[in-house]
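For reference, the structure discussed in these notes is given below.
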Amino acid sequence: MPAEEQLRVAALLKAVLDEFDARSAARVSEHADRGVDGLKAALLSDAEHTMAHRGLATPHVVLQAEHLAGDGEVRARFVARNRALRHAFAERLGPDRATELLAFPEGALTLWLLDPETVDLRAPYEGYLRRL
């Protein structure tokens, strides 16, 4: 792929990830002042939004999986995002529960993307968050 085309692809990739993160942050911030209950509401809202906008969730999951190894800019972005989320969750839940809470939606999202006809993304969220 020519260098100019690689730059355009990289810019498009960044724009998609920026949009995904901006929408997620906006949904979470709507509930930020309500403590753990707000966090639960934000995660349920995120699940509903994801179900309605699968096209944004799919590239996020695929790109994250494709960049699990290496030192590139995309991987660094996902690492920084995950650390920031764990830190934000840890302020309310402690570090261990924060890591667990971040792992849950990542796994649930992957299951739903693989089989949306039989997996209702909201149902496992509701069950998990009830036990949180």
Side-chain angles (χ1 to χ4, degrees):
M1 182 181 305
E4 187 175 311
E5 189 173 340
Q6 286 179 345
L7 290 175
R8 280 195 299 265
V9 169
L12 179 60
L13 168 65
K14 183 180 181 323
V16 169
L17 293 174
D18 287 347
E19 183 66 18
F20 182 88
D21 287 345
R23 290 182 183 194
S24 293
R27 283 189 307 281
V28 169
S29 67
E30 292 174 10
H31 306 279
D33 61 345
R34 294 182 31 226
V36 173
D37 287 339
L39 183 57
K40 290 177 181 181
L43 289 168
L44 286 173
S45 173
D46 194 58
E48 290 170 354
H49 181 272
T50 298
M51 290 171 60
H53 303 283
R54 181 182 174 152
L56 275 177
T58 301
H60 171 85
V61 170
V62 169
L63 288 167
Q64 185 168 252
E66 287 178 343
H67 293 88
L68 290 174
D71 293 332
E73 182 180 333
V74 175
R75 183 180 191 284
R77 178 191 181 104
F78 281 113
V79 169
R81 179 184 184 275
N82 286 333
R83 287 178 181 168
L85 286 169
R86 284 195 323 264
H87 176 74
F89 292 165
E91 290 176 357
R92 293 196 173 104
L93 303 170
D96 292 340
R97 290 180 79 196
T99 298
E100 177 187 339
L101 182 60
L102 185 58
F104 168 77
E106 295 288 341
L109 180 58
T110 300
L111 289 173
W112 176 72
L113 287 171
L114 285 171
D115 193 6
E117 292 80 26
T118 64
V119 175
D120 172 10
L121 187 59
R122 186 176 169 92
Y125 270 70
E126 286 174 340
Y128 175 79
L129 294 172
R130 216 178 3 260
R131 294 183 297 275
L132 185 64

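Bear in mind the structure is a predicted one, so any value in this text is a computation, not a measurement.
- Across all non-hydrogen atoms, the minimal contact from Val61 to Thr110 is CG1-OG1, 3.9 Å.
- Atoms CD and CD, on Gln64 and Glu106 in that order, are 4.5 Å from each other to the nearest 0.5 Å.
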Open item on the list: Is there a side-chain hydrogen bond (donor to acceptor under 3.5 Å, both in side chains) between Glu48 and Tyr125? Walk through the geometry before answering.
Closed with: CA-CA 10 Å; Glu48 290 170 354; Tyr125 270 70; over 6 Å; no
Open item on the list: Is there a salt bridge (charged side-chain N to carboxylate O under 4.0 Å, His left out) between Arg8 and Glu4? Walk through the geometry before answering.
Closed with: CA-CA 6 Å; Arg8 280 195 299 265; Glu4 187 175 311; 2.9 Å; yes
TODO: Check step by step if side-chain contact (heavy atoms from CB on, under 4.5 Å) holds for His67 and Val79.
DONE: CA-CA 10 Å; His67 293 88; Val79 169; over 6 Å; no
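- Trp112 and Val62 fall into different hydrophobic clusters, where Ile, Leu, Val, Met, Phe, Trp and Tyr are joined by side-chain heavy atoms under 4.5 Å apart, directly or via other members.
- Between Leu101 atom CG and Leu129 atom CG the span is 7.0 Å, to the nearest 0.5 Å.
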Task: side-chain contact (heavy atoms from CB on, under 4.5 Å) between Arg77 and Asp21, intermediate numbers included - done: CA-CA 11 Å; Arg77 178 191 181 104; Asp21 287 345; 3.3 Å; yes
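- The neighbour count for Asp71 CG, taken as heavy atoms of other residues, nucleotides or ligands under 6.0 Å away, does not exceed 12.
- Between the side chain of Arg92 and the backbone N or O of Ala88, no donor-acceptor pair lies under 3.5 Å.
- In this structure, Glu66 places its CD atom where more than 12 heavy-atom neighbours from other residues, nucleotides or ligands lie under 6.0 Å away.
- Here the shortest heavy-atom pairing between Leu93 and Ala98 reads CB-N, 4.4 Å.
- Judged purely by atom type and a 3.5 angstrom limit, Ser45 has no side-chain atom pairing as donor or acceptor with the backbone of Ala41.
- Two different hydrophobic clusters hold Leu63 and Leu85 under the rule that ILVMFWY side chains link at heavy-atom gaps under 4.5 Å.
- When all heavy atoms of Leu109 and Ala57 are compared, the closest pair comes out as CD1-CB, 4.1 Å.
- In terms of heavy atoms, Arg75 sits closest to Leu68 at NE-O, 2.9 Å.
- Residue Leu17 holds its CG atom at 10.0 Å from CG of Leu56, rounded to the nearest 0.5 Å.
- Cluster annotation: Leu111 is not connected to Met51 through the hydrophobic network of ILVMFWY side chains, with a link wherever side-chain heavy atoms come within less than 4.5 Å.
- Arg54 places a side-chain N or O within donor-acceptor distance of the main-chain N or O of Leu113, the cut-off being under 3.5 Å.
- Here the straight-line distance linking atom CG of Leu132 with atom CD of Glu100 works out to 7.5 Å at 0.5 Å rounding.
- Leu13 CG to Asp18 CG: the interatomic distance, rounded to the nearest 0.5 Å, is 9.0 Å.
- Pro124 and Phe104 make their closest contact through O-CZ, 3.3 Å (heavy atoms, listed as atom of the first residue, atom of the second, distance).
- Remark: Glu19 CD to His60 NE2 distance equals 13.5 Å, nearest 0.5 Å.
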